[in-house]
Asks: 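My structure is below; once you've seen it, I'll send some questions.
Since we're looking at a predicted model, the values are computed, not measured.
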Amino acid sequence: MGRFDIERLLQELGDPSSAAPKEPAISEDSKADVETSSPRLDTPLEDGPCAPASAVKTEPVVRRESTPASTPTGISELDSRPPDFRTGNGLAEEIDPIMALDGNRVRPTRPDDALRDLFVPEDGPVPVSGDLVEMLRQREIIDDGSAETARRLQMQSPDRSLGEVLMEMGVAEAAVQAAVAEIARIPFVQVESSIIDSAQLQRLGSEYCLKHRVVPLKSEGKRTIIGTPSPDDVFLLDELKRRLGVSVVKHVLVCAGEVEAALRELSGDDSPPSADIESILADVEEDDIEFEKAEVSDTDLEAEAESSPVVRYVNHIIQTAMQEGASDIHIEPGEKTLKVRLRIDGILYESMSPPKKMHAALTSRLKIMANLDIAERRLPQDGRIRATVMDRRLDLRVSTVPTANGEKTVMRILDDQAIQVSLDELGFRPETLSLWKKQIERPHGIILVTGPTGSGKTTTLYSSLRQMDMKRLNISTVEDPVEYNLPGVTQIQTHSLIDMTFARALKALLRQDPDVVMVGEIRDQETASIAVQAALTGHLVLSTLHTNDAPSSVTRLINIGVEPFLIGAALNGVLAQRLVRRICPACVSEVEVPDEMRDFLVVHGIDRATLPQGRGCEACRNTGYSGRLGLYELLIFDDHLRDLIASSPNVTEFRRICCERGMVSLREDGFAKIASGETTVEEVLRVTEATI
């Protein structure tokens, strides 16, 4: 509490009408300095939530030119505080080391103080009164009765700010915010959709801005203008600077209601969509995408789905996804909205907002294309669309599920060209790539690729199969479903309804004289046992497993039910992998490493003052990333590890031993790619957090 008497403050909080407290004790030697350098309090300062403004009398303050060492005993520079814009008294809840009581700036104790970039008072006279209620009363926005009511309500609810109380009483939000901004000495701006920076808004995301009630406005020089409804959002501004990738922002005060209205207007919730849709569909033709029509019954819903605008809009969605390089398309219905989101480089981005009334027609159109039942809207359905888009043949794997607001549709884009990459282009380090190629050239054994869904396991396996000599080898696969067609490879799809399981298909393949067998996933004991037996009888088996890292795959197989001695005998190697986004080459630049990050990087072998980072441009949708590469953790089993597996080791101890024997972890591989300038620290930490 500084130099204030705690007992006096407690008495005043319990009884506002209590007697005047004692004067704070100040040494005799410092009284003269206090009178000339600090505000003089003619009457005791009340530390209550509704202290009247008249209780504080200030005299002109002489700006001190001396060093901090000359500060009088018992008096701190932090005692000079700006008026409290929330409670209307002379004490701020947060100590501000920048502003003095006279409104002049005081140099921070540290030259690199971050607050210097966040709060820069505008030039102009200091408000006569720091009391929000008194200011509004003088401007005849509220009367005396409303002023007393506001003070009383704020005293009864100290957790609410005075501005919130006034707005709940019916005072216009713009009037309250303008007064708060004047007291805090920051600009007040009324928000309209035309002054919002769309590029920065897309980078932050509409949902994030609505949740935190913030809005990026048009930039002023090199500074990005950020509007928030509260003048003390220091931590939020720090987070916004990090998200936007800027070092300086200009903080302005805005109305929360205007922010929400402007953001919803930009998202298309309140605007008529017909004109926008016509302009979007102007360059899209009905025959831009060819698909195999299904023979279904003639219904009114089908006729609506086959109408020209709906056909063209579906084509527009698919074309946009292809042009953006998306892997998935999400059509998500809300209570009053409909959103189309695209997954690009592993991250979902909101792409368009068609009108809600088009939802049924769009879903029916996609169901017709996928040969699904358009009349069934209560059960999930799965289908496949074979289409030619921009002279490229691709498959769309369609899935629909019923939700409270209608059917949600997700389409996985299976583009053959997307997997036409060699092992050299996946992001392997040279030594890891050499070891992996030796593993897939071995005549027998099991090789596993592990990782969560979407980590690129299928791409790695397909690239490995293409690396093999298909003319000399008999290669077969069992998949659920068959995602890509591989020339020269026998591909079998499982069907659970007719009991065509992985185990059953694998048994059949072993009678087909195979050399290499790829199993889409080892899910149960039967499949795992057959794969182990196939490996032990002279076949090379490639498969996937859902584990966080390579050593955990041994524990997973033991838990499934495979005997440990069989695992040690059959398993050749395990490759764990993740996908991270590449730094955009079009906007890459060197960025200074923050001090708090420097020590962390040094521990991981990176001692640099700057690191590459994307600034954001049109080519990367202002994200700073374009494309993806893999992080890999390759575990090769030797005789020592095989003997250790036979004793069913603890996974933590087993991982430690694997690292001691030369295994490079996912995080170590990620930091090697950070040092080479391929990705960023944030990306590596995002995908490797679960592997620590």
Side-chain angles (χ1 to χ4, degrees), residues 281 284-298 301-302 305-308 310-331 340-344 351 361-376 379-401 407-421 453-454 458-459 461-463 465-466 476-498 500 505 518 520:
L281 302 181
V284 182
E285 300 297 335
E286 294 183 33
D287 56 354
D288 282 345
I289 298 179
E290 301 175 2
F291 69 98
E292 299 175 3
K293 291 188 177 181
E295 296 295 334
V296 294
S297 59
D298 190 11
L301 191 58
E302 180 181 356
E306 294 285 3
S307 64
S308 179
V310 174
V311 171
R312 286 188 292 162
Y313 201 90
V314 170
N315 292 350
H316 169 66
I317 293 174
I318 298 174
Q319 284 180 340
T320 302
M322 289 294 299
Q323 292 170 355
E324 295 288 338
S327 61
D328 298 87
I329 302 172
H330 292 239
I331 301 177
V340 177
R341 297 199 293 171
L342 305 178
R343 186 176 295 279
I344 305 172
S351 177
L362 291 176
T363 304
S364 298
R365 169 64 178 173
L366 292 171
K367 283 184 174 182
I368 291 172
M369 297 170 68
N371 199 14
L372 301 178
D373 184 2
I374 63 174
E376 181 56 72
L379 296 175
Q381 297 188 67
D382 295 315
R384 197 181 190 100
I385 299 174
R386 298 182 182 274
T388 302
V389 182
M390 297 182 292
D391 297 329
R392 290 170 61 179
R393 185 170 180 81
L394 56 86
D395 289 343
L396 301 173
R397 200 168 70 198
V398 182
S399 172
T400 64
V401 293
E407 288 183 284
K408 176 183 176 180
T409 304
V410 175
M411 292 180 285
R412 167 66 60 87
I413 300 176
L414 305 176
D415 184 9
D416 289 339
Q417 294 186 12
I419 65 163
Q420 297 294 331
V421 292
T453 302
T458 301
T459 302
L461 286 176
Y462 278 21
S463 298
L465 292 179
R466 281 196 298 270
S476 303
T477 69
V478 183
E479 304 172 66
D480 181 26
V482 175
E483 296 187 352
Y484 302 98
N485 293 321
L486 290 175
V489 176
T490 302
Q491 296 176 274
I492 300 175
Q493 180 166 328
T494 62
H495 294 281
S496 58
L497 295 178
I498 58 175
M500 183 63 170
M518 189 192 87

Asks: What's the spacing between Gln319 CD and Gln323 CD if we round to 0.5 Å?
Replies: 6.5 Å
Asks: Do you know the tightest heavy-atom contact between Val421 and Arg466?
Replies: O-NH2, 3.2 Å
Asks: Return the CG to CE distance between Leu396 and Met322, rounded to the nearest 0.5 Å.
Replies: 8.5 Å
Asks: Between Arg393 and Arg386, is there a side-chain heavy-atom distance shorter than 4.5 Å?
Replies: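 They are in contact (side-chain heavy atoms under 4.5 Å apart), so the answer is yes.
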Asks: Would you say Gln381's side chain and Val401's backbone share a donor-acceptor pair under 3.5 angstrom?
Replies: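 No; zero donor-acceptor contacts below 3.5 Å.
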Asks: Could you pull out the closest heavy-atom pair between Ile413 and Ala321, with the gap in Å?
Replies: CD1-CB, 3.7 Å
Asks: How long is the straight-line distance from OG1 of Thr458 back to OH of Tyr484, given to the nearest 0.5 Å?
Replies: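 Going from the OH atom of Tyr484 to the OG1 atom of Thr458 covers 7.5 Å.
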Asks: Check the pair Glu376, Lys367 against salt bridge (charged side-chain N to carboxylate O under 4.0 Å, His left out), reporting the backbone distance first and the verdict last.
Replies: CA-CA 10 Å; Glu376 181 56 72; Lys367 283 184 174 182; over 6 Å; no
Asks: Rounded to the nearest 0.5 Å, what separates atom CZ in Arg412 from atom CZ in Arg384?
Replies: 11.5 Å
Asks: Please report the closest heavy-atom contact between Ala326 and Leu342, naming both atoms and the distance.
Replies: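 Closest approach of Ala326 to Leu342, heavy atoms only: CB-CB, 4.0 Å.
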Asks: Less than 4.5 Å apart, side chain to side chain, heavy atoms only: is that true for Ile374 and Leu372?
Replies: no
Asks: Would you say Ser476 and Met518 make side-chain contact, with heavy atoms under 4.5 Å?
Replies: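 When only atoms from C-beta onward are counted, Met518 and Ser476 do not touch, as no gap falls below 4.5 Å.
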Asks: Taking all atoms of both residues into account, what is the closest heavy-atom pair of Ile385 and Leu366, and its distance?
Replies: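 Looks like CD1-O, 3.9 Å.
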Asks: Are any of the side-chain heavy atoms of Val478 and Thr494 separated by less than 4.5 Å?
Replies: yes
Asks: Would you say Ile492 and Thr477 make side-chain contact, with heavy atoms under 4.5 Å?
Replies: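 Not in contact.
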Asks: With no hydrogens and no angle check, is any side-chain donor or acceptor of Gln491 less than 3.5 Å from a backbone partner on Leu486?
Replies: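 Side chain of Gln491 to backbone of Leu486, a donor-acceptor pair under 3.5 Å: yes, one is there.
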Asks: What are the two closest non-hydrogen atoms of Thr320 and Ser351, and how far apart are they?
Replies: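 Residues Thr320 and Ser351, closest heavy atoms: CG2-OG, 4.1 Å.
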Asks: Please round to the nearest 0.5 Å and tell me the distance separating atom OG1 of Thr409 and atom CD1 of Ile329.
Replies: 10.5 Å
Asks: Report yes if some heavy atom in the side chain of Asp328 is under 4.5 Å from a heavy atom in the side chain of Met411; otherwise report no.
Replies: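 No, side chains not in contact.
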Asks: What are the two closest non-hydrogen atoms of Met369 and Ile318, and how far apart are they?
Replies: CE-CD1, 4.3 Å
Asks: Compare all side-chain heavy atoms of Val310 with those of Leu362 and state whether any distance is below 4.5 angstrom.
Replies: yes
Asks: Do Ile331 and Glu407 have side-chain heavy atoms sitting under 4.5 Å apart?
Replies: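 In short, these two side chains do not touch, never coming nearer than 4.5 Å.
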